[in-house]
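Data first, discussion second: the structure below is written as structure tokens.
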Amino acid sequence: MEPGPIVPPIFTPLPPAIHPRHAQIDAQTAVWAETFGIGSPRLRKRLVTQDIGTFAARILPEGREEVARLLADFVLWLFGVDDGYCEEGELGHDPGELAGALHRLLRVGQNPQAPMLLDDALADGLRDLRLRVDRYGTPAQTARWLDALREYFFSVVWEAAHRRTGTVPDLNDYTLMRLYDGATTVVLPMLELGHGYELRPEERDDTAVRAVAEAASFVITWDNDLFSHHKESRADGYYLNVVRVLRHHEGLTADEAVARAVGQRDRAMVLFMRLRERLLENASPELSQYLESLGHYIRGAQDWGITSLRYTTPDDPAPLPTVFRDTPTEDSDQPLDIPAVSWWWDLPRKQAGTRAGGGAGLATA
């Protein structure tokens, strides 16, 4: 098979970091996967070699070890759902049946004591995860985690509908749903749990804070699409990522699509840094920690993405970078031509106007 497009070194202004107990966290997650029997034996054998615990340790480099372990187990569980149910299983081609299966799992997450799916490994794993989320978080944080899980489930059902028909969504729809089906939002509550705080609702729901979190999700998922394209394009059956979307709808070559996607994520990365810096000027200690953790999440996903066997695929080596670059390929402050996210770029302009009039802080839309 011909080699795929080369992914160039990507821009990151964020420093690397990792939890000092990363090796123990990774080993524990492999034990957890075996204990609960997550995925088929073949899938589980792959997952436990992919440094998922190390990924979690990069997201929470200074967080509580018990929460980093919880996050690692949760990410592995998510891959059990995404790979086992959606990518490689029959349910991934039947959105109706998939919706039913995922909602039964969601019910187990909402009510672990419910007598449902009692012989199901994913349900047993979710019960364990839910009890640990309760242990380290507040009831409100548990509720937000479950809400984010519902968003993720809803988005993978949408993807299954495209998989069934073999269709490719346009860039705007893909961008909107990728914010959720990349499973980034389900990790965000863990950032709070990892450091033992809870954001006030007026902070978390502020328009600028939502925008910076979404921009982080965009960068993480676009990076993942670039790093996973080689693996996905060589697998049997349907796959969907931004490279394919750009090729299909804009008639680009694979190399041109990679370059376009890199430019998009660079502009989002520049915006993330700008928004985060301005939010930090008046942030509470809790919001400051949250914004710092978003940066760790982005960089952790980058470091893991170019080193994990999940994406490097040594049996058929992926043309991935081994280093990062210090400058973006695009640094325009103009919005991306993607309506679902173009509003992010309005916030710095509104803030500048507010300051000119004597105000302070980021304006909300």
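Since the model is a prediction, treat every value here as computed from it, not as a measurement. Heavy atoms only: backbone and side chains are in, while hydrogens, waters and symmetry mates are out.
- Using a cut-off of 4.0 Å between Lys/Arg side-chain N and Asp/Glu carboxylate O, Arg204 and Glu192 are scored as salt-bridged.
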> Which is it for Asn224 and Arg178 under the side chain to side chain donor-acceptor pair (under 3.5 Å) test, yes or no, and what are the steps along the way?
Replying inline: CA-CA 11 Å; Asn224 180 260; Arg178 191 70 173 121; 3.1 Å; yes
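- For the residue pair Thr142 / Asp134, a side-chain donor-acceptor distance below 3.5 Å is found, with atom types taken as modelled.
- Taking the six-membered ring where tryptophan is involved, the planes of Phe55 and Trp304 are essentially parallel, since the angle between them stays under 30° and well short of 60°.
- Salt bridge Arg144/Glu198: present, at least one basic N to carboxylate O contact under 4.0 Å.
- Between Arg104 and Asp120, no side-chain nitrogen of the basic residue sits less than 4.0 Å from a carboxylate oxygen of the acidic one, so the salt-bridge criterion is not met.
- Using a 30° and 60° split on the angle between ring planes, Phe218 and Trp344 fall in the perpendicular class, above 60°.
- In plain terms, the two heavy atoms of Ala183 and Leu78 that are nearest each other are CB-CD1, 4.0 Å.
- Counted by atom type alone, Ser293 and Gln289 present one or more donor-acceptor pairs between their side chains at under 3.5 Å.
- Taking the centre of each ring, Trp158 and Phe154 stay at or above the 6.0 Å mark.
- For Glu256 and Arg260, the salt-bridge test fails: no basic side-chain N is under 4.0 Å from an acidic carboxylate O.
- The shortest side-chain heavy-atom distance between Pro319 and Val7 does not fall under the 4.5 Å cut-off.
- The aromatic rings of His195 and Tyr197 are tilted relative to each other, their planes meeting at an angle between 30° and 60°.
- Using a 4.0 Å cut-off between charged side-chain N and carboxylate O, Arg210 and Asp206 make no salt bridge.
- Side-chain atoms of Trp222 and Gln264 form a donor-acceptor pair, as typed in the model, at a separation below 3.5 Å.
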